[in-house]
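Report on the structure given below.
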Amino acid sequence: MKDDLRKIITTLALKNEEIQNFIYSLKQMLQNVEDNSTRVQGELEGEFQSLYNMLDELKENMLMKIKQDRASRIYELQNQLTACTKALESSEDLLETANHTLSVSQTDNFSQAAKQIKDSVTMAPAFRLSLKAKVTDNMSHLMVDFTQERRLLQNLHFLPVPSTPEILASQCQVANNSVTVIWRMPEEENSGIQHYILEHRKTNFPGPPRAKEEQPWMVVEDIKGTEYTLTSQRFEMKYMNFRVKACNKAVSGDFSEPITLETPAFCFRLDAGSSHQNLRVEEGNVEWDAMGGKVQDVKTREKEGKGRGASPCNSPARCVQSPKRVPSVRIGRDRFTAESYTVLGDTLIDGGECYWEVRYDKDSKAFALGVTYRNLGKFDQLGKTSVSWCLHLNNWLQVMFTAKHGNKAKILDIAAPNRIGVHCNYDEGFLSFYNASSKQLLHTFRTKFTQPILPAFMVRFLNL
């Protein structure tokens with residue numbers, strides 16, 4: 001009954017925390033509604049004011065054009081009117097003089113007066129004037145038709161907001177210190193998406209992302225496609241939250257429903273208590289400690305890949321519990337000796353899938369990496385017993401790259417890469433080795449592990 005009650009208490013506590021987080025989220029959303037509505041209202045008023053200002057400026061420019069055109073036409077017509085008026089007055093005076101001269105045609109001076117009138121008529125302004133208006137009184141070229149603009153204004157509406165993306169959790173990948181996030185948009189999306197914004201944060205909480213988190217959201221902007229890979233990650237926390245939103249030219253849509261991906265790293269050190277006395281061990285580093293020996297260093301790359309293709313090049317985001325670090329039990333007389341130049345990792349693998357990488361000096365006399373049960377004998381070499389599996393590189397006299405188990409060796413018809421990835425699926429009984437750079441499969445052991453295993457390394461003369 002106590003156990004049942006404890007389960008009920010745990011369930012209620014989790015539900016209460018879930019409700020509290022939801023209440024916090026609702027309060028935050030209420031505040032966001034107030035803030036965002038005030039912001040967009042101010043932006044709308046600003047846009048309309050900008051439109052008013054533009055229309056006022058356009059109106060002033062067009063009115064100025066009409067005024068200038070009117071002034072120019074009035075000036076031309078007024079000048080023409082003045083010239084015509086003067087010509088008419090001169091012509092009327094000349095007509096009166098001609099009539100008077102004709103009435104006294106019997107005088108002696110008639111011929112001379114008639115000749116003068118004839119000359120005056122020839123030079124009269126009235127006969128040198130153009131009786132055609134220099135400009136037209138038609139102002140229709142300055143008329144406007146706002147039918148199209150009015151239609152555009154009548155169709156004015158809020159910008160189309162991009163739809164909400166959906167993160168495809170089953171297609172996301174966690175491998176090689178990287179996380180690849182993949183999403184998609186609804187098929188009917190037509191809001192002119194230009195880019196995406198991805199946000200991520202680390203957490204130790206396994207459930208749905210919580211409103212309150214110690215870690216802030218980290219932002220990746222201007223993503224053009226519908227997937228993105230975060231590289232060079234340190235998985236010091238067990239999970240990562242992700243969310244993404246789409247953006248068009250002017251606005252962004254809502255964030256997608258956030259997802260949580262598990263990212264436990266397979267973290268281990270080299271167990272100095274297990275190492276051969278001629279090996280100097282410092283966490284992830286090993287040095288050959290014999291006179292004239294070759295110095296190597298082994299550095300641990302902490303990685304873990306999961307599920308879909310069971311390989312470091314195709315690992316889904318699902319993960320299992322982290323392996324268990326154990327104290328050394330191989331100290332003193334039990335440490336490796338004689339020709340077994342071996343050192344073990346300090347973390348047991350007893351389930352799930354783990355991945356790590358090894359770098360080494362290809363000039364070393366001999367080198368091996370793999371896994372073993374804890375009961376590997378202190379005189380035993382990796383791959384020469386039924387409790388260990390490894391890849392072995394021999395550079396002594398003749399170069400040979402082999403896969404070893406149970407004192408049997410299979411020659412690998414491929415050059416040993418300088419970086420090797422090890423992928424162990426404990427539950428399925430797969431131990432695979434890869435070229436860590438190209439992801440090419442080098443060899444796979446298939447077995448049924450009956451005990452927890454440890455990473456194991458041999459160096460004669462490691463970058464892990």
*State, yes or no, whether a side-chain contact exists between Thr347 and Pro455 at a heavy-atom distance under 4.5 Å.*
no
*Using atom types as modelled and distance alone, determine if a side-chain donor or acceptor of Ser90 lies under 3.5 Å from a backbone N or O of Lys86.*
no
*Looking at Val181, Val174, Val220, which one forms a side chain to side chain contact (heavy atoms under 4.5 Å, CB included) with Leu230?*
Val220
*Where the side chain of Ser91 meets the backbone of Ala87, is there a donor-acceptor pair that is under 3.5 Å apart?*
no
*Could you tell me which non-hydrogen atom of Gly192 sits nearest to which non-hydrogen atom of Asn248, and how far apart they are?*
O-CB, 3.2 Å
*asked:* With a 3.5 Å distance limit and no angle check, can you tell me whether Thr229 reaches the backbone of Thr231 through a side-chain donor-acceptor pair?
replied: no
*Using modelled atom types only, decide if a donor and an acceptor are shared between the side chain of Gln194 and the backbone of Ala246 within a distance under 3.5 Å.*
no
*asked:* One pair to check against side-chain contact (heavy atoms from CB on, under 4.5 Å): Val219 and Ile197. What are the steps and the verdict?
replied: CA-CA 7 Å; Val219 181; Ile197 295 176; 3.7 Å; yes
_Partner set under ring-ring contact (aromatic ring centres under 6.0 Å, His included) for Tyr196, not counting sequence neighbours_ = Trp183
*Would Leu391 and Thr402 count as a side-chain contact (heavy atoms from CB on, under 4.5 Å) if you check the C-alpha gap in whole Å, the side-chain angles of each, and the deciding distance to 0.1 Å?*
CA-CA 6 Å; Leu391 292 193; Thr402 58; over 6 Å; no
_If you count heavy atoms of other groups shown closer than 6.0 angstrom to CD of Glu47, is the number above 12?_
no
*Are Ile167 and Phe242 close enough that some pair of their side-chain heavy atoms sits under 4.5 Å apart?*
yes
_Would you say CD of Glu187 has more than 12 non-hydrogen atoms from neighbouring residues, nucleotides or ligands within 6.0 angstrom?_
no
*So does Leu5 have more than 12 non-hydrogen atoms from other groups sitting under 6.0 Å from CG?*
yes
_Any side-chain donor near an acceptor of the partner, Thr136 and Asn138, under 3.5 Å_ = no
*Would you call Glu18-Lys15 a salt bridge at under 4.0 Å N-O?*
yes
*asked:* Is any side-chain heavy atom of Glu257 closer than 4.5 Å to one of Glu166?
replied: no
*asked:* Quick check for you: to the nearest 0.5 Å, what is the distance between Lys238 atom NZ and Glu262 atom CD?
replied: 8.5 Å
_Pair Asn241-Thr260, side-chain donor/acceptor within less than 3.5 Å_ = yes
_Working note: Glu221 + His195, criterion side-chain contact (heavy atoms from CB on, under 4.5 Å); need CA distance, chi angles, decisive distance, verdict._
CA-CA 8 Å; Glu221 297 181 319; His195 64 275; 5.7 Å; no
*Classify the angle between the aromatic ring planes of Phe48 and Tyr52 as parallel (below 30°), tilted (30 to 60°) or perpendicular (above 60°).*
tilted
*Provide the closest heavy-atom pair for Met185 versus Ser163 in the form atom of the first, atom of the second, distance.*
CE-O, 3.2 Å
*If you draw a 6.0 Å radius around CE in Met139, do more than 12 non-hydrogen atoms from other residues or ligands fall strictly inside?*
yes
*Okay, side chain of Thr10, backbone of Arg6: is any donor-acceptor separation there less than 3.5 Å?*
yes
*Go through the side-chain N and O atoms of Gln49 and Asn53 and say whether any donor and acceptor fall under 3.5 Å apart.*
yes
*Kindly compute the distance separating CG (Asn36) from CD (Glu43), expressed to the nearest 0.5 Å.*
9.5 Å
_Nearest heavy atoms of Leu454 and Asp346, plus distance in Å_ = CD2-C, 4.3 Å
_For the CE atom of Met240 and the NE2 atom of His200, what is their distance to the nearest 0.5 Å?_
5.5 Å
*Please report the closest heavy-atom contact between Ile420 and Ala436, naming both atoms and the distance.*
C-CB, 4.1 Å
_Rounded to the nearest 0.5 Å, what separates atom CG in Asn16 from atom CG in Asn21?_
11.0 Å
*Can you find a heavy atom in the side chain of Cys247 that is under 4.5 Å from one in the side chain of Ile193?*
no
_Could you tell me if the side chain of Ile453 sits less than 4.5 Å from the side chain of Leu348, heavy atoms only?_
no
*Decide whether Arg243 and Ser256 meet the rule of one side-chain donor and one side-chain acceptor closer than 3.5 Å.*
no
*Do you know the tightest heavy-atom contact between Leu441 and Phe433?*
CD1-O, 3.5 Å
*asked:* Just so I know, are the side chains of Pro162 and Val251 near enough to count as touching, which here means a heavy-atom distance under 4.5 Å?
replied: yes
*Which value, rounded to the nearest 0.5 Å, describes the distance between Thr447 atom OG1 and Leu431 atom CG?*
9.5 Å
Distance-only donor-acceptor hits, side chain of residues 55-62, under 3.5 Å, sequence neighbours excluded:
unit_1, atom_1, unit_2, atom_2, d
Asn61, ND2, Glu57, O, 3.3

*Could you pull out the closest heavy-atom pair between Phe401 and Ala416, with the gap in Å?*
CE2-CA, 3.7 Å
*Glu149, CD: over 12 other non-hydrogen atoms inside 6.0 angstrom*: yes
*In terms of side-chain geometry, is the basic nitrogen of Arg73 or Asp69 positioned less than 4.0 Å from the acidic oxygen of its partner?*
yes
*asked:* Could you measure the distance from the CG atom of Asp35 to the CG atom of Leu30? Nearest 0.5 Å is fine.
replied: 11.0 Å
*Validation row: Gln20, Tyr24 side chains within 4.5 angstrom (heavy atoms)*: no
*Yes or no on side-chain contact (heavy atoms from CB on, under 4.5 Å) for Asn425 and Ser432, after CA distance, side-chain angles and deciding distance?*
CA-CA 8 Å; Asn425 187 327; Ser432 300; over 6 Å; no
*asked:* The criterion is ring-ring contact (aromatic ring centres under 6.0 Å, His included); which residues satisfy it with Tyr426, sequence neighbours excluded?
replied: Phe449
*Given side chains that start at C-beta, do those of Leu81 and Gln78 come closer than 4.5 Å, heavy atoms only?*
yes
*asked:* side chain to side chain donor-acceptor pair (under 3.5 Å), that's the test. Do Thr226 and Arg184 meet it? Break it down for me.
replied: CA-CA 6 Å; Thr226 55; Arg184 67 184 177 189; over 6 Å; no
*Could you tell me whether the side chain of Ser50 and the main chain of Gly46 form a donor-acceptor pair under 3.5 Å?*
no
*asked:* Check this for me, if you would: do Asp4 and Lys2 make a salt bridge, where the nitrogen-to-carboxylate-oxygen distance has to be below 4.0 angstrom?
replied: no
